[in-house]
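Data block below; observations after.
Throughout, numbering of the chain's residues begins at 1 and tracks the sequence.
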Amino acid sequence: MDHSEASSSESGDDWPEEEEGELLLPTKCLLCALEASSVEAMFAHCASSHALDVLSLTRRWIRDQVDYIQMVNFLRNQKVSSGAAVHELVSSGRFPWRDDRYMHPEIADDPALCYDVEDLCAGEEAYPPSESVAECVTSSLERRCSQAEKDLQVALETIDSLREAAKRLVLDEEGSGSSGDIARLRDDEDGSYFDSYNHFSIHLEMLQDRVRTEAYRDAIDKNASFFAGKTVLDVGCGTGILSLFAARAGAARVIAVEHSDTIYQAMDIARENGLQDRICFVKGRMETVQLPVSEVDVIISEWMGYFLLFESMLDSVVWARDRYLREGGVVLPDQFSLSVCAISDEALYGRTMDFWKDVYGFQMSCMRNETVKEVLVTTVADHAVVSNCVVIKEIDALRCQVDQLEFVAEAQLVAHRQCSMHAVCAFFDVGFAAGLVHPVSFSTSPSAPSTHWKQAVFLLPQAIELRQGESVAVQVECRKNRKHPRSLDIALTLNGTRLKYWMD
């Protein structure tokens, strides 16, 4: 062999010459039999000889790499003869190449198929990658799948938004129950609420709650001189325990209002204890009954629900206050505060959220997604609290208005230690102070003795990893459910991410 020839061959002098940015791979025209020296040269030929500007066509009409590949194979397969025919198709909104059969190359290792559409669409020079056509197609399909997943997520979020909008539209057409105003509810709309208090177990649970019941007893007994000779209204008396305390403390007259059938047992209890002449029982809704007096000196009520405001019974207390409380009268208890904190509880999170990942060998992720939306009422251990506690709502029962019971509040929760934050915990504090010489208070916080209210827990879809001293910005939005105003719709926004919960 001639050494000069060998040297020339080894140095690559026999390879086609390259211009900067262009690899010379012979490529057949899309519309005729001509073979150009490169893909770029083929594009230029199509533009000059067939009036088909492939780059412009791609920029305007082609969606992605797969769409481009299908178009190239379609043009070769159908033997389209002119650019005008192609432009007529796309101008009329027809894209016949969008069919899986055009994923099969018409020419093996067709260089035209290896161009990156993103580069073409960006108006940059495109270079045939070193990968094969099959690899090029696979890469394109992977990108398309990734984009499809993003599009699906957007679609799901849009569906959720439309579903919520539809609910609001339907609820707006369902009459008085949509107003969120407890006073305007009809008996047939509110019957289930009062029926729940016909079950004696709920009264047993409340009476056995020593923190709750003894706080009311102490507030009345330790301030007996304040109650002596006064007319007292007990809103939602249940078994009548608060009325009995007030009568025993020397109240001249106690009017006990209760809509559930438990009032008949309350009457028997008053007679059994010789207080039937001091307590007047009135059956019905506070907003519709006629009391035997025009005004009262004191209103007492145990109206608090989970998350303090669940069941919206404070609305009835406010109605009674505005209608019957004399000037200078008091409402007891009168001071309330609602607080939130961050908690870390692996065991709780495991049995409520992670449980759905493997249910006897089956995944039930849809149940997990629903579980997180429901406010969990449970007892939180004090050691699970991993942040400061921030008051998000204060209520003065003597002065508050019903429209103030829906609110938006902000809180900065600062981690006491490095931890996984699994949930936001809410609790409330109660104070008996107005007009009393001996104030009384109690708390439902995780650090206080347990009550039947426990705590309201807002589980997070994913735990948040926190370092000691790191803070989480929390916004709490509390609204009455439009159709069922005794229920609550609560939204938490944590570091910009909005989560919706309900309490029913």
How would you list all residue pairs meeting salt bridge (Lys or Arg N to Asp or Glu O under 4.0 Å) that involve residues 401-429, not counting sequence neighbours?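 Those involving residues 401-429 do not exist here.
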Sequence neighbours excluded - salt bridge (Lys or Arg N to Asp or Glu O under 4.0 Å) pairs with any residue from residues 318-345: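 Every pair satisfying salt bridge (Lys or Arg N to Asp or Glu O under 4.0 Å) with a residue in residues 318-345: Asp297-Arg326.
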What's the separation between atom [atom1] in [X] and atom [atom2] in [Y], rounded to the nearest 0.5 Å?
X      : Y      : atom1 : atom2 : answer
Phe362 : Asp358 : CZ    : CG    : 10.0 Å
Gln276 : Ile269 : CD    : CD1   : 13.0 Å
Ile279 : Met267 : CD1   : CE    : 11.0 Å
Met364 : Cys366 : CE    : SG    : 8.0 Å
Phe245 : Asp218 : CZ    : CG    : 8.5 Å
Asp354 : Thr371 : CG    : OG1   : 11.0 Å

If you compare all heavy atoms of [X] against all heavy atoms of [Y], which two are closest, and at what distance to 0.1 Å?
X      : Y      : result
Ala270 : Phe281 : CB-CE1, 3.7 Å
Leu459 : Val372 : O-CG2, 3.1 Å
His203 : Thr262 : NE2-OG1, 3.2 Å
Asn223 : Val437 : OD1-N, 3.1 Å
Arg467 : Ala415 : O-CB, 3.5 Å
Val257 : Gly284 : CG1-O, 3.6 Å

List the residues meeting ring pair (Phe, Tyr, Trp, His ring centres under 6.0 Å) with Tyr216, not counting sequence neighbours, and say none if there are none. Phe432
Would the distance check show the side chain of [X] and the main-chain N or O of [Y] forming a donor-acceptor pair, the cut-off being under 3.5 Å?
X      : Y      : answer
Ser344 : Ser420 : yes
Gln455 : Val380 : yes
Arg278 : Ala247 : yes
Asn495 : Ala473 : yes
Thr444 : Ser450 : no
Gln70  : Asp99  : yes
Ser339 : Phe427 : no
Arg486 : Asp504 : no
Thr213 : Arg210 : no
Glu302 : Met304 : yes

Run through Leu233, Asp315, Val317 and flag the one making a side chain to side chain contact (heavy atoms under 4.5 Å, CB included) with Met286. Leu233
Take Tyr324 and Ile299 through the test side chain to side chain contact (heavy atoms under 4.5 Å, CB included) and record every step on the way to the result. CA-CA 9 Å; Tyr324 290 106; Ile299 294 176; 5.5 Å; no
Flag for [Y]-[X]: side-chain donor and acceptor within less than 3.5 Å:
X      : Y      : answer
Gln363 : Ser365 : no
Ser487 : Asn481 : no
Asp234 : Ser243 : yes
Ser316 : Trp303 : no

Side chain to side chain contact (heavy atoms under 4.5 Å, CB included) evaluation trace for Leu308 with Leu314: CA-CA 9 Å; Leu308 183 59; Leu314 179 54; over 6 Å; no
Side chains of [X] and [Y]: does their closest heavy-atom pair fall under 4.5 Å?
X      : Y      : answer
Ile300 : Val298 : yes
Thr239 : Leu207 : yes
Leu494 : Met421 : yes
Arg253 : Pro292 : yes
Val232 : Val296 : no
His452 : Met206 : yes
Leu488 : Leu309 : yes
Cys400 : Val318 : yes

Charged N to carboxylate O below 4.0 Å: is that the case for [X] and [Y]?
X      : Y      : answer
Arg482 : Asp489 : no
Arg98  : Asp67  : yes
Arg212 : Glu214 : no

Can you name the residues that form a salt bridge (Lys or Arg N to Asp or Glu O under 4.0 Å) with Lys222, not counting sequence neighbours?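 Expected list: none.
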From CA spacing to verdict: side chain to side chain contact (heavy atoms under 4.5 Å, CB included), Ile490, Val476: CA-CA 7 Å; Ile490 304 167; Val476 182; 4.3 Å; yes
Does the side chain to side chain contact (heavy atoms under 4.5 Å, CB included) test come out yes or no for Tyr264 and Lys283, once each step is laid out? CA-CA 9 Å; Tyr264 300 119; Lys283 188 178 190 306; 3.2 Å; yes
Please name the residue in the list Phe458, Tyr501, Trp502 that meets the ring-ring contact (aromatic ring centres under 6.0 Å, His included) test with Phe307. Phe458
Using atom types as modelled, flag every donor-acceptor pair under 3.5 Å from a side chain in residues 387-397 to any protein atom, sequence neighbours excluded.
from   : atom 1 : to     : atom 2 : distance (Å)
Ser387 : OG     : Ala342 : N      : 2.8
Asn388 : OD1    : Val414 : N      : 2.7
Asn388 : ND2    : Gln412 : O      : 3.2
Lys393 : NZ     : Gln404 : O      : 2.7
Asp396 : OD1    : Leu398 : N      : 3.0
Asp396 : OD2    : Arg399 : NH1    : 2.7

Any pair with a residue in residues 365-419 that passes ring-ring contact (aromatic ring centres under 6.0 Å, His included), sequence neighbours left out, goes on the list, sorted by first then second residue, please. none
Just do the salt bridge (Lys or Arg N to Asp or Glu O under 4.0 Å) check on Arg368 and Glu370 with the steps written out, would you? CA-CA 5 Å; Arg368 186 180 191 276; Glu370 293 304 312; over 6 Å; no
What is the ring orientation for Phe442 with Trp453, classed by angle as parallel under 30°, tilted 30 to 60°, or perpendicular over 60°?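 Rings of Phe442 and Trp453: parallel, under 30°.
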